[in-house]
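Worksheet: one structure, shown below.
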Amino acid sequence: MKISNKNYLDQLNDRQSEAITHLDGPCLIVAGAGSGKTRVLTSRVVEIIKKKKAWPNQILCVTFTNKAAREMQNRIAGYLDEKILSLPWLGTFHSVSAKLLRRHAEAVGLNSRFTIIDQEDQLRLIKNICKAENIDVKKISPQFVLSFINQWKNKGLLPKNVVAKKIPLEKAILNVYKFYQERLKILNSCDFGDLILLCVNMFENNSDILDLYLNNFKYILVDEYQDSNFIQSKWLNLLAKKHNNICCVGDDDQSIYSWRGAEIKNFLDFSKIYKDTKVIKLEQNYRSTQNILSAASGLIANNNDRLGKKLWTDSKEGELVKLSCYKNGKEEAVGISDTIEQSLKKKYSLNKISILVRAIFQTREFEERFLKIGMGYRVIGGTKFYERAEVKDSLSFLRIVYQKNDDLAFERIINVPKRAIGDSTIKQLHDWGRKNKKSLEDSALELIQLNKIKPKTKLGLVKILNLFNKWRSDLKEKKHYELMEIILDESGYSKMLKEKKDLESEGRLENLKELIRGMHDFDNLQSFLEHVALATSIDQDWNGEKINLMTMHAAKGLEFDVVFLPGWEEGLFPHQKSLEEKGDLALEEERRLAYVGLTRAKKESFISFVMSRMYRGDWVESIASRFIEELPEKNVKRNELREQNVEDFIFNQDIDYDQGVRSPGWARLQKKKLKRIK
DNA sequence: AATGCAGCCATTTTT
DNA sequence: TGGCTGCATT
């Protein structure tokens, strides 16, 4: 959608116009699903620039996802009709923070070439620490430690700020956290949480740096504010202090990331923190039909904890929301694919049809079905391109070449392909590095010098270390994508894959070609590595007629003509595990997720559930999700209840939700689990 | 050090 | 169900 230069302010409704008129001072925009939120946000930016209230580089514009950032960038450029124009400070919290940190890395004890590590690397680092500290990973799982560390970081707590409870467990975890942070510094690396946290610390401890940006950022705009966590809001508050021109957009009903530390409180308390906040509610929905909107509104009305909006629409009633019950997951996939084949295909482009699931593993059944009948599909999310083993391996070579303290990269590829460097040697390096506060590469060099490595291993090690140095000098003369080819060749990595000669290895080689192709889009190694670290997924190809498969989380911000919502069963949706962890709070979040899913649909939506589902190799009997009963009856059409008595079986069971009893099958699964633990 | 097998565990969502 | 870890063998 491109709106021409002249009338970008036209066609705005009164509320939207108000949001664009009121540029100065704090402003909170409560924007319901499909109410033109992005439109308003981007128009605001254009207004600021057109009215010469600030230069493009004086506007800070933060989003939650890369996708959203890109979208905004494109729209703004479109409105201004200047393709060259870009906002240097438009990006995700993480990318903007990374940019700030690289400029002032020394202020936080890093070198500006620092590596940004992902969750996998985080976990490896924690595992290494546990090993070194003789922590029994069966008692304290690294996963568990990681979740603590990330939560602490979301709350802005470095080890010294954590007040450990008396529970020994928490003390032990805190201890790991301390080592973890220490080690990160030595590795010249930081994790996602650090990007924000270190930025805040930098501002707090260096008023000169803060002043620089306080003066520069005249206007601040924030998208999806309901998803921000404590430290992110602190980050914003610091930067907004001087000009006080901060505008946050969000929707409390679409807050679905509390498990990642998002605090809806930030959004609800905005007016308390900023005096004289202008609050604007966008309640007209431009996306969905009357029926879909009413169904979604009826559902979300079951939540207590909300600001309360009344979404309305001018559009037609449209089709009823269709509800189906299937025998099992396979039947569900067949039923849905049949529906698409028999009727929807004629009316809609496959690109505009989407299947939204609660958990990513649910896509499998659909993939199998679509492969069988030869229907095109794409999975959005799931294992991402940059997370594939071969891609991560290749990137690790680049990382260690670029930043020699990157132990995690070092460890990943030091023995790939095999170079006679086994576990015991790596342990030797670790121990040395830990004792002397050195990186693995430096440790290796020192140990070789001291002749403490076995001859055969030494041979392999020296060879690869020399290669590292050779590649480092190559980097000075050659393009980064040329270097990648050289590395894959000289390291023997390509050869290793070629010799395997199976279908999988062929695919891997293809992926590496794709990787090199992708590298051409970047000016240098630094910007490529930054992209890889923060973007994680390569741009989806939206070419070709394909059905979209993704989780409801991944669908936030998207819209489709037709949306299928399978798997509405107790235990799966709402998900048992989330309810176990947080009870009613989680239930409300699950309900918001349902709301997000349903409001993605413009024209038609199909909800379904099954009577039994294959889960972890077991058949579990299920009952319909409580959310189904919460849908207003007048907006729903029940069809295809394929077996007799299904209705009685599914709907009329007396369930005491408070007791935690859900689907009988899921309860049994739970029992089985408990038995095994005993 | 490399390979192969058996048993174990988990699966919600992601910048 | 399948991916991963740890252990035993070569």
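Naming convention: chains lettered A, B, ... in sequence-line order (proteins, then strands); numbering from 1 in each chain. Quick caveat: nothing in here was measured; it's all calculated off a predicted structure.
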In DNA chain B, stems of three or more consecutive pairs, Watson-Crick or G-U, each with both distances under 3.5 Å, turn out to be B:1-10 with C:1-10
Distances under 3.5 Å between nitrogen or oxygen atoms of protein and nucleotides 1-6 of chain B:
unit_1 : atom_1 : unit_2 : atom_2 : d
B/dA1  : OP1    : A/G422 : N      : 2.6
B/dA1  : OP1    : A/T425 : OG1    : 3.2
B/dA1  : OP2    : A/S424 : OG     : 2.4
B/dA2  : OP1    : A/A420 : N      : 3.2
B/dA2  : OP2    : A/N415 : ND2    : 3.1

Let me know the distance between [atom1] of [X] and [atom2] of [N], rounded to the nearest Å.
| X | N | atom1 | atom2 | value |
| --- | --- | --- | --- | --- |
| A/E365 | B/dT11 | CD | P | 19 Å |
| A/Y386 | B/dT15 | OH | C1' | 15 Å |
| A/L195 | B/dT15 | CG | C1' | 9 Å |
| A/Q226 | B/dT15 | CD | P | 15 Å |
| A/D118 | B/dT14 | CG | C1' | 11 Å |
| A/E120 | B/dT14 | CD | P | 16 Å |
| A/N229 | B/dT13 | CG | P | 20 Å |
| A/K577 | B/dC9 | NZ | P | 13 Å |

NA contact type, [X], heavy-atom cut-off 4.0 Å: base, sugar-phosphate, or nothing?
| X | value |
| --- | --- |
| A/F64 | sugar-phosphate |
| A/R364 | sugar-phosphate |
| A/K127 | sugar-phosphate |
| A/Y257 | sugar-phosphate |

With ring centroids as reference points, do [X] and [Y] lie under 6.0 angstrom apart?
| X | Y | result |
| --- | --- | --- |
| A/F361 | A/Y615 | yes |
| A/F609 | A/W568 | no |
| A/H94 | A/F64 | no |

With A/D253 as partner, the option from A/R306, A/K556, A/R592 fulfilling salt bridge (Lys or Arg N to Asp or Glu O under 4.0 Å) is A/R306
Would you measure the distance from the C1' atom in C/dC4 across to the matching atom in B/dT13 and give it in whole Å? 22 Å
Is there a salt bridge (Lys or Arg N to Asp or Glu O under 4.0 Å) between A/E621 and A/R613? Walk through the geometry before answering. CA-CA 7 Å; A/E621 296 146 44; A/R613 187 176 288 282; over 6 Å; no
For A/F267 and A/Y225, take the angle between the two ring planes, folded into 0 to 90°, and tell me which bin it lands in: parallel under 30, tilted 30 to 60, perpendicular over 60. tilted
Can you classify the ring geometry of A/W152 versus A/F148 as parallel (below 30°), tilted (30 to 60°) or perpendicular (above 60°)? perpendicular
Report yes if a donor N or O on one partner sits less than 3.5 Å from an acceptor N or O on the other, where the partners are the side chain of A/R260 and the base of B/dT13; otherwise report no. no
Only one of A/W89, A/F203, A/W235 clears ring pair (Phe, Tyr, Trp, His ring centres under 6.0 Å) with A/F217; which? A/W89
Assess A/R591 against A/F627: is NZ or CZ under 6.0 Å from the centre of the six-membered ring, and within 45 degrees of the ring's axis? no
Within 45° cone and under 6.0 Å: A/R260 NZ/CZ vs A/Y257 ring: yes
Closest listed nucleotide, where the reference is the side chain of A/T65 and the choices are B/dT15, B/dT13, B/dT11: B/dT15
For A/Q143 and for A/A554, locate the closest nucleotide of DNA chain B by heavy-atom distance; then report the residue assigned to the nucleotide nearer the 5' terminus. A/Q143
Does B/dT14 have its OP1 or OP2 closer than 4.0 Å to a side-chain nitrogen or oxygen of A/T551? yes
